[in-house]
Amino acid sequence: MTRKLPKVYEPQKFEKKIYRIWEKSGGFSPDQLKSKGRPFSLIMPPPNANDPLHLGHAVFVSLEDLMIRYHRLKGEKTLWLPGTDHAGFETQVVFEKKLAQEGKSRFSFSREEFYRLVWDYTQKNRKIVREQLKTLGASCDWSREKFTLDPEIVKIVYETFERLWQDGLIYRGQRLVNYCPKHQTAFSDLEVKYEQETAKLYYLRYDLKDDSEGIIVATTRPETIPGDVALAVNPHDQRYLALVGKIAKDPLLGREIPIISDKRVKIDFGTGVLKITPAHDQTDFEIGLEHYLPIRATLAKDGRFNELAGPLFGLKVPEAREKALAILKEKGALIKEEEYLHEVGHCYKCGSLIEPMLMDQWFVATNKPFGSQQKSLANLALEALKKQEIKIIPSNYQKVLEHWLNNLKDWNISRQISWGIRIPVWYCQDQATEVCRQKQGIIVSVSRKPTKCPYCGGKHLEQDPDVLDTWFSSGQWPYATLMANQPQDFKTFYPTSVMETGWDILFFWVARMIMLGLYRTGKVPFRVVYLHGLVRDKDRQKMSKSKGNVIDPLAVVQTYGADALRLALIIGNTPGRDLVISEEKIKGYRNFTNKIWNASRFILMNLEETSSKKPKLTRRDQKILKDFGKFKKKITAYLDNYRFSLAGEALYHYFWHTFADKIIEEMKIRIRENDHQEAALYVLETILNDCLKMLHPFMPFVTETIWQQLKERHSSKEQILMTSQWP
RNA sequence: GGGUGUAUAGCUCAGUGGUAGAGCGUUUCGUUCACAUCGAAAAGGUCUCUGGUUCGAAUCCAGAUACACCCACCA
């Protein structure tokens with residue numbers, strides 16, 4: 001053991017080698033662990049296979065690897081299952097941007113060609129992501145890695161679709177959906193971001209058929225007049241009682257429309273008269289349904305007005321608005337305009353104005369009671385939360401989640417894109433019998449393409465062109481990944497122990513996993529949800545490429561080592577709260593890595609001549625070890641209570657300012673003066689060993705590197721620190 | 001309109017019903033002795049404000065102020 005260690009720890013020299021030792025040991029897999037301990041499982045939130053990892057991913061790797069390594073050291077049967085997400089819409093957007101740089105678009109290819117290109121692209125990225133996770137030290141079980149488009153996963157997703165369909169929880173319907181004209185696809189409500197905007201409220205005169213007086217209507221969207229099918233007033237509005245039942249004329253095209261009354265019209269807004277445009281507004285749509293009004297859809301899928309819009313034909317929304325106003329002004333129908341502050345929906349990705357668009361889409365009915373218990377998906381989730389079957393950390397998010405579940409509307413799962421899991425539905429074009437027509441020719445077939453229509457025998461079948469919302473598949477991730485692996489995995493590891501993810505996808509992902517998990521398996525998908533915060537720069541700004549303030553985790557690892565980055569992401573990171581990271585902070589923990597290295601180096605140098613027999617300890621030694629025992633208990637308690645930041649901080653503080661600054665300095669003198677030297681070294685070695693174990697989940701590389709240097713002094717069971725025993 | 005948070009040192013944040021804490025930064029001093037990616041020391045806070053509970057409140061409660069975030073179909 002006389003090898004000389006360098007004065008400075010250089011992570012680059014060791015990290016790759018150490019990871020290989022772990023991989024070769026088989027310690028990542030629960031099958032190879034000889035432990036009979038209770039299972040502990042984590043499913044990795046699958047990173048999108050469309051881009052390299054960013055700092056946000058490094059946060060979850062640090063936290064999840066910390067948990068996994070801690071529980072592995074405690075002798076539990078641990079599984080951390082990795083995977084990647086095809087991320088339908090997100091990936092398609094990223095890929096189309098790339099195509100645009102080459103002067104191409106998705107329309108330059110057939111659907112199949114495009115799919116193939118994106119497939120290759122994601123497979124390349126998956127490889128990169130995998131290597132990056134390894135660089136960060138992720139001790140996950142690569143033999144169980146999954147991709148959301150793996151055939152066995154898709155099969156499970158389809159089965160869920162079919163069951164939901166049979167239970168009446170999935171339906172196809174023509175509804176107003178959130179439509180982005182730029183991306184030409186619909187979204188669920190969650191993908192719409194509302195922003196406050198100043199707009200103009202226009203007061204317009206609609207002439208009456210039999211009265212020259214006319215009626216004044218206030219609207220922010222004059223361009224939708226061609227879609228008007230009625231005017232509506234509140235039934236209790238004295239001003240307009242006499243007008244109900246009369247006929248008005250739309251001021252652009254002169255079409256005749258009825259005046260009706262409906263309680264949804266607010267008396268005190270504008271003039272108290274609402275123009276009803278069912279194809280372009282949610283409230284209007286509902287009113288229209290109730291009053292059996294026709295629907296006039298005037299906007300085409302490309303975001304331009306169609307021929308029903310008369311003079312506005314071919315124009316996009318902003319131009320059409322100008323043109324409509326010009327015409328109205330000329331006709332003298334524009335009475336006045338006033339400033340008006342309101343919230344407008346935008347595409348979360350490109351910022352385009354979201355248009356409510358009338359489309360045939362697939363929905364999950366989240367509030368519809370089903371089965372013998374007559375409970376809805378939302379009910380199932382709410383009950384599980386109330387019964388504390390799932391614990392959310394921090395706990396205040398439980399309320400947030402319950403509130404969301406209580407106000408849930410049906411979930412649109414159709415996307416008009418080509419990258420993703422195709423909706424497993426065919427439509428019979430023949431519809432030759434009454435039964436077939438009643439069923440609207442809808443054939444749900446999850447295993448293969450049907451050869452003929454089961455209702456009418458028709459041979460002309462067409463598959464639904466849409467794909468499923470990515471969250472519909474990732475919402476099944478915990479059970480799908482476990483079912484798709486060895487058959488006993490689901491039994492052993494489901495429900496999983498912890499779901500660790502960011503608070504920003506609580507609704508998108510966590511809520512859907514709970515609902516679908518309970519639906520499909522009857523059990524919650526996880527016992528604990530740990531929500532970490534989002535990474536900010538030192539000015540509290542969100543990191544983004546456009547702001548140029550992104551920190552590339554891999555570059556950081558290159559300069560300061562994975563351990564320094566990991567510790568910087570754990571300390572000061574309180575669940576549910578965003579965390580601030582700066583290069584100075586990472587540098588500080590790089591210094592700590594070096595501190596561990598040098599303290600160990602010092603002890604190592606002095607250990608050379610000692611035996612491993614336990615010497616007689618002084619009173620002082622006993623006191624030090626007793627205090628250390630208390631400290632170990634504190635760390636264990638912190639970790640058991642998910643107080644990772646506190647545990648990390650306490651370890652940092654103890655190691656540096658108690659162990660290195662005080663204890664080592666004290667023992668140094670004893671060693672030099674040969675005063676109970678053996679005992680002094682025994683104390684140092686004992687504390688060092690246990691500190692390495694406790695630090696290992698936080699900083700796996702440096703601790704394992706040192707452990708390997710001390711290998712000859714450890715028992716045969718503890719040759720690798722990662723699979724040794726928690727003190 | 002509804003909801004959820006936050007307010008503690010120059011900065012980033014912990015924290016517990018019992019003498020205000022850490023990291024970074026700042027200032028001073030110190031290198032033959034594991035480490036200058038170091039050590040020793042110092043300065044720096046009415047714990048946002050106002051009430052209440054209490055022997056005792058930065059901590060628990062109520063209100064105020066400020067800020068942040070989330071949700072929502074008032075045209």
Side-chain angles (χ1 to χ4, degrees), chain A residues 5-10 176 178 189-190 192-194 199 201-202 217-222 224 228 231-232 264-277 280-287 340 342-345 356 394 396-404 406-409 503-504 506-507 533-534 536-540 542 560-561 564 567-568 571-574 576-606 643 645-646 648-650 652-653 656-657 660-661 664-665 667-669 671-672 684:
Chain A
L5 294 179
K7 278 169 91 164
V8 171
Y9 172 66
E10 289 174 80
L176 272 193
N178 310 299
D189 295 339
L190 282 176
V192 181
K193 291 286 152 235
Y194 287 88
L201 190 59
Y202 302 99
V217 179
T219 181
T220 54
R221 302 203 60 187
T224 62
D228 287 356
L231 295 181
R264 272 163 283 214
V265 181
K266 303 264 191 305
I267 295 178
D268 53 1
F269 185 91
T271 60
V273 186
L274 174 65
K275 69 188 204 57
I276 304 298
T277 323
H280 300 289
D281 182 275
Q282 187 60 38
T283 311
D284 294 10
F285 182 75
E286 286 162 21
I287 293 177
Y340 176 60
H342 67 159
E343 302 271 323
V344 181
N396 57 293
Y397 275 92
Q398 170 150 351
K399 258 193 213 164
V400 177
L401 188 55
E402 282 176 7
H403 183 262
W404 187 77
N406 275 318
N407 294 284
L408 205 47
K409 285 187 296 179
W503 58 258
D504 54 325
L506 181 65
F507 305 146
L534 274 37
R536 312 267 171 166
D537 74 1
K538 59 175 183 289
D539 302 317
R540 292 218 125 256
K542 238 183 197 172
Y560 299 112
L567 204 56
I571 295 183
N573 183 354
T574 324
R577 306 210 28 199
D578 293 351
L579 81 149
V580 174
I581 188 99
S582 61
E583 186 150 355
E584 286 76 51
K585 188 175 175 189
I586 300 165
K587 211 186 260 179
Y589 292 116
R590 187 271 317 263
N591 295 353
F592 180 51
T593 326
N594 199 50
K595 191 73 188 178
I596 299 173
W597 179 257
N598 272 293
S600 311
R601 183 166 156 251
F602 171 76
I603 295 168
L604 211 80
M605 279 168 17
N606 286 285
R643 315 271 277 183
S645 175
L646 284 179
E649 209 180 323
Y652 175 94
H653 201 258
W656 199 320
H657 301 299
D661 289 350
I664 294 184
E665 290 304 322
M667 299 303 173
K668 194 187 276 178
I669 298 166
I671 292 165
R672 200 184 306 140
L684 291 182

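Chain letters run A, B, ... following the sequence lines, proteins first and then strands; every chain starts at 1.
Of the candidates B/rU4, B/rC38, B/rC24, B/rC38 carries the atom nearest the A/W656 side chain, counting heavy atoms from C-beta on. Of the candidate nucleotides B/rC73, B/rC71, B/rC74, B/rC73 has the atom lying nearest to any side-chain atom of A/Q282. Minimum atom distance to the side chain of A/K595 is reached by B/rC38, of the listed B/rC38, B/rC74, B/rG23. Among the nucleotides B/rC71, B/rA72, B/rU37, the one closest to any side-chain atom of A/N594 is B/rU37. Counting only heavy atoms from C-beta on, A/N598 has its side chain closest to B/rA34 among B/rA75, B/rA34, B/rA14. Each of B/rC35, B/rA75, B/rC33 was ranked by its minimum atom distance to the side chain of A/R601; first place goes to B/rC35. Closest approach to the A/M605 side chain among B/rU37, B/rA34, B/rA75 is made by B/rA34 (side chain taken as heavy atoms from C-beta onward). Comparing B/rU37, B/rC74, B/rA34 against the side chain of A/N591 picks out B/rU37 as the nearest. Considering only side-chain atoms of A/V400, the nucleotide from B/rU4, B/rG23, B/rA75 that sits closest is B/rU4.
Using a 4.0 Å heavy-atom criterion, one finds that A/F285 contacts no nucleic acid atom at all. Using a 4.0 Å heavy-atom cutoff across all strands shown, A/N407 reaches no nucleic acid atom at all. Note on A/K7: only backbone sugar-phosphate atoms sit closer than 4.0 angstrom, heavy atoms only; bases stay farther off. Heavy atoms of A/K668 sit under 4.0 angstrom from at least one base atom. Among the protein residues, A/E286 comes within range of no part of the nucleic acid, since none of its heavy atoms lies under 4.0 Å from any strand. Within 4.0 Å of A/H280, counting heavy atoms only, lies no atom of the nucleic acid at all.
Just one of A/D578, A/L579, A/I581, A/V580 meets the side-chain contact (heavy atoms from CB on, under 4.5 Å) condition when paired with A/N573; it is A/L579.
B/rC60 and B/rG52 make up a base pair, with Watson-Crick or G-U wobble contacts both under 3.5 Å. Of the nucleotides present, B/rG3 is the one that pairs with B/rC69 by Watson-Crick or G-U wobble criteria, both distances under 3.5 Å.
Between A/Y589 and A/Y652, the angle of the ring planes goes over 60°, which puts this pair in the perpendicular group of the 30/60° scheme.
We find that OH of A/Y194 is positioned 10 Å from P of B/rC71, with the value rounded to whole Å.
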